[in-house]
Amino acid sequence: TLPFGFALQPSEFAKVAAVMLIAQVTSMTGSFWLKPRFFLNAAILGAMVALIFIQPNLSISLMIGFITCIML
């Protein structure tokens, strides 16, 4: 809990980071599925989702998964 009764969870930053990672991948020209950066960003995104899932926060894990599928 932060001052003034404001609560902040690390998963809020993960949602923004997931959107930025997928936006970076999809902005590449050509077939982005075969680029090494796609696999690096997918690994980072998978690690974020796994850590959030371990917290037990299934709703945010599913939300990040849905956002990723929609953006791809």
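Side chains are part of it too, since the values below use all heavy atoms of this structure and drop only hydrogens, waters and symmetry mates.
In summary, of the residues considered (Asn41, Thr68, Ile70, Ile67), a side chain to side chain contact (heavy atoms under 4.5 Å, CB included) with Ile22 occurs for Thr68 alone.
One distance of note links CG of Leu45 with CE of Met48; it measures 4.5 Å at 0.5 Å rounding.
Around CE of Met71, the count of heavy atoms belonging to other residues, nucleotides or ligands within 6.0 Å exceeds 12.
Under the 4.5 Å side-chain heavy-atom criterion for grouping Ile, Leu, Val, Met, Phe, Trp and Tyr, Phe13 is not connected to Phe53 through any hydrophobic cluster. Using a 4.5 Å cut-off between side-chain heavy atoms of Ile, Leu, Val, Met, Phe, Trp and Tyr, with links allowed through other members, Leu58 and Phe66 fall into the same hydrophobic cluster. Tracing side-chain contacts under 4.5 Å through hydrophobic residues (I, L, V, M, F, W, Y), one reaches Ile44 starting from Met63; they form part of the same cluster. Taken together through direct or relayed side-chain contacts under 4.5 Å among Ile, Leu, Val, Met, Phe, Trp and Tyr, Ile60 and Val19 form part of one hydrophobic cluster. Hydrophobic clustering (side-chain heavy atoms under 4.5 Å, transitive across Ile, Leu, Val, Met, Phe, Trp, Tyr) keeps Leu62 apart from Ile64.
Nearest heavy-atom pair across Val49 and Ser61 is O-OG, 3.7 Å.
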